[in-house]
Peer 1: 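Could you have a look at this structure, given as structure tokens, before my questions?
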Amino acid sequence: STTAAATTSVHVTTNPAEAGAMAFPFNYANLPRLVDIFPNSASEFGGTVIKVHGTDFTNSPELSCQFVSASGVSVINATYVSDETVECSTPQHVPGAVTVAVSNNGQDFSRHALELTYYPHMTLDRISPAHGPVTGGSEVTLTGANFRFSSSQSCTFGSLRVAASFVSTTKVVCMSPPSLGRKGGPVTVGFSANDRDLTPDVIEFKYAPIVSAMSATPVRGPLTGMTKVAVSGANFLNTSNLVCRFGDLVVAARFVS
């Protein structure tokens, strides 16, 4: 053994007094030192790509991550990014905490391990409203199961990612971003609790052209209300959320065309 990184030779011989015919290089190196992990949570289904940050990582074929829990140990091949970063794909695991360590040679792992928390599978059941203007700004509520709060939670609208507000384990709220190119049409919406893993359920949000109201008939009515008003314009949608606004008052509307 040695106390500093170094390269030496390994000889094999049946006589300690004689050097072996062949010599093999052997490299002494520091054990990896871990600093943090992102994300620090992952789906129980596995497949989350995590970044482990630290020092003394080596670009070797044996570079690996170790996941340790009360139920066992899993060792997964790691991808070298730099001397300070490696990436690993998490294995499947029941919800709960595991520790993560890194090895440069597949045998000797970092003495300091980091904690990773597996969370239950999240499901997405409903979106409301299911449509909004291409300019964005719609407050969208997603309902489902097993949502969890985190500092890196987000919603995705197609390829666009926006911040999400956690309400409960069954509800989150996010604001729709402007559509790409201000184009109308459907996009797939998802929720992520770790900025990596998205809910697998396919739920759509439809971007629609901006509604324009051009005229109303009649233009006056009694203080008691109940006057039926016909509004003409463009880009109306036949939805259960169709409403008219009279000053600060909002009333249900009936789609005609």
Side-chain angles (χ1 to χ4, degrees), residues 1-122 148 150-154 156 159 161 190 192-198 200:
S1 66
T2 182
T3 58
T7 300
T8 188
S9 298
V10 177
H11 299 263
V12 178
T13 178
T14 58
N15 183 352
E18 299 178 358
M22 295 187 64
F24 303 93
F26 184 87
N27 297 312
Y28 284 98
N30 295 321
L31 285 174
R33 298 180 183 181
L34 309 190
V35 176
D36 62 40
I37 185 173
F38 180 84
N40 59 6
S41 62
S43 167
E44 63 178 320
F45 287 170
T48 302
V49 177
I50 59 173
K51 286 183 179 291
V52 183
H53 300 109
T55 60
D56 296 319
F57 298 138
T58 300
N59 189 7
S60 72
E62 296 82 19
L63 185 66
S64 53
C65 290
Q66 182 187 66
F67 298 80
V68 180
S69 69
S71 61
V73 178
S74 295
V75 177
I76 305 295
N77 290 337
T79 300
Y80 176 86
V81 178
S82 70
D83 291 352
E84 299 179 343
T85 305
V86 298
E87 292 183 343
C88 307
S89 181
T90 60
Q92 292 184 357
H93 195 279
V94 297
V98 303
T99 57
V100 180
V102 176
S103 172
N104 286 325
N105 64 5
Q107 294 188 45
D108 304 302
F109 287 87
S110 52
R111 293 191 177 92
H112 173 60
L114 301 173
E115 186 171 284
L116 174 78
T117 301
Y118 280 92
Y119 54 79
H121 169 59
M122 297 186 299
R148 58 187 297 273
S150 79
S151 59
S152 53
Q153 62 198 13
S154 60
T156 55
S159 61
R161 190 179 293 269
S192 174
N194 62 5
D195 214 25
R196 290 289 179 90
D197 302 314
L198 287 173

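Atoms considered below: every heavy atom in the structure, side chains included; atoms not considered: hydrogens, waters and symmetry mates. For the single chain, residues carry numbers from 1 onward in sequence order.
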Peer 1: Can S64 and N77 be counted as having a side-chain donor-acceptor contact under 3.5 angstrom?
Peer 2: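 No, no side-chain donor-acceptor pair sits under 3.5 Å.
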Peer 1: Run the ring-ring contact (aromatic ring centres under 6.0 Å, His included) test against F109 and tell me which residues pass, sequence neighbours left out.
Peer 2: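 By the ring-ring contact (aromatic ring centres under 6.0 Å, His included) rule, F109 matches no residue at all.
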Peer 1: Between Y80 and D83, is there a donor-acceptor pair closer than 3.5 Å when you use the side chain of the first and the backbone of the second?
Peer 2: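 Yes, Y80 side chain to D83 backbone: donor-acceptor pair under 3.5 Å.
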Peer 1: Any non-hydrogen side-chain atom of T79 less than 4.5 Å from a side-chain atom of V86?
Peer 2: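 No, every pair of side-chain atoms sits at 4.5 Å or beyond.
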Peer 1: In chain order, what residues pass the salt bridge (Lys or Arg N to Asp or Glu O under 4.0 Å) check against E87, with sequence neighbours excluded?
Peer 2: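 Once residues adjacent in sequence are excluded, the partners of E87 under the salt bridge (Lys or Arg N to Asp or Glu O under 4.0 Å) criterion are K51.
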Peer 1: Do V98 and V68 have side chains that approach each other closer than 4.5 Å (heavy atoms only, starting at C-beta)?
Peer 2: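 No; the side chains remain at least 4.5 Å from each other.
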Peer 1: E44 versus V94: any side-chain heavy-atom pair under 4.5 Å?
Peer 2: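 Answer no - side chains too far apart.
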Peer 1: So Q153 and D195, side-chain contact (heavy atoms from CB on, under 4.5 Å) or not? Walk me through it.
Peer 2: CA-CA 6 Å; Q153 62 198 13; D195 214 25; over 6 Å; no
Peer 1: Quick one, T85 and V52 - any side-chain contact, counting heavy atoms below 4.5 Å?
Peer 2: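 T85 vs V52: side chains apart.
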Peer 1: Calculate, to the nearest 0.5 Å, the distance between atoms OG and CZ belonging to S110 and F57 respectively.
Peer 2: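 Spacing of OG (S110) from CZ (F57) equals 7.0 Å.
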Peer 1: Show which side-chain atoms of residues 35-42 pair as donor or acceptor with protein atoms under 3.5 Å away, not counting sequence neighbours.
Peer 2:
residue	atom	partner	partner atom	Å
D36	OD1	H53	ND1	2.7
S41	OG	R148	NH1	3.3

Peer 1: What's the separation between atom CG in N30 and atom OG1 in T55, rounded to the nearest 0.5 Å?
Peer 2: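 OG1 of T55 is found 8.0 Å from CG of N30.
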Peer 1: Considering only heavy atoms from C-beta outward, does the side chain of F45 approach that of Y118 to under 4.5 Å?
Peer 2: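 In short, these two side chains do not touch, never coming nearer than 4.5 Å.
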Peer 1: So does L114 get a backbone contact from the side chain of T99, meaning a donor-acceptor N/O pair under 3.5 Å?
Peer 2: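 No; zero donor-acceptor contacts below 3.5 Å.
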Peer 1: What I want to check is whether the side chains of R161 and S154 have a donor and an acceptor closer together than 3.5 Å.
Peer 2: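 R161 vs S154: donor-acceptor pair found between side chains.
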Peer 1: Side chains of T48 and N194, heavy atoms from C-beta outward: is any pair under 4.5 Å?
Peer 2: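 They are in contact (side-chain heavy atoms under 4.5 Å apart), so the answer is yes.
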Peer 1: About how many Å separate NE2 of H93 and OG1 of T117, when rounded to the nearest 0.5 Å?
Peer 2: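 Here the rounded value is 11.0 Å.
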Peer 1: Establish, from distance only, whether the side-chain atoms of D56 and T58 form a donor-acceptor pair under 3.5 Å.
Peer 2: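 No, T58 and D56 have no side-chain donor paired with an acceptor closer than 3.5 Å.
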Peer 1: Quick one: are V102 and L34 in side-chain contact, heavy atoms under 4.5 Å?
Peer 2: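 Answer yes - side chains close enough.
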Peer 1: If I compare all heavy atoms of C88 with all of F67, which pair ends up nearest, and what's the gap?
Peer 2: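 Looks like CB-CZ, 4.4 Å.
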Peer 1: Can you check whether S192 reaches T156 side chain to side chain, under 4.5 Å on heavy atoms?
Peer 2: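 In short, these two side chains do not touch, never coming nearer than 4.5 Å.
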Peer 1: Any luck finding a side-chain donor-acceptor pair between H121 and S43 under 3.5 Å?
Peer 2: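 No, S43 and H121 have no side-chain donor paired with an acceptor closer than 3.5 Å.
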Peer 1: Just how far is it from atom CG of L31 to atom CG of N104, taken to the nearest 0.5 Å?
Peer 2: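 Output value for this atom pair is 8.0 Å.
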Peer 1: Measuring from E84:CD to S82:OG, what's the distance to the nearest 0.5 Å?
Peer 2: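 Here the interatomic distance stands at 5.5 Å.
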Peer 1: Identify the two heavy atoms, one from A193 and one from S152, that lie closest to each other, and give their separation to 0.1 Å.
Peer 2: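 Reported closest heavy-atom pair: O-OG, 3.9 Å.
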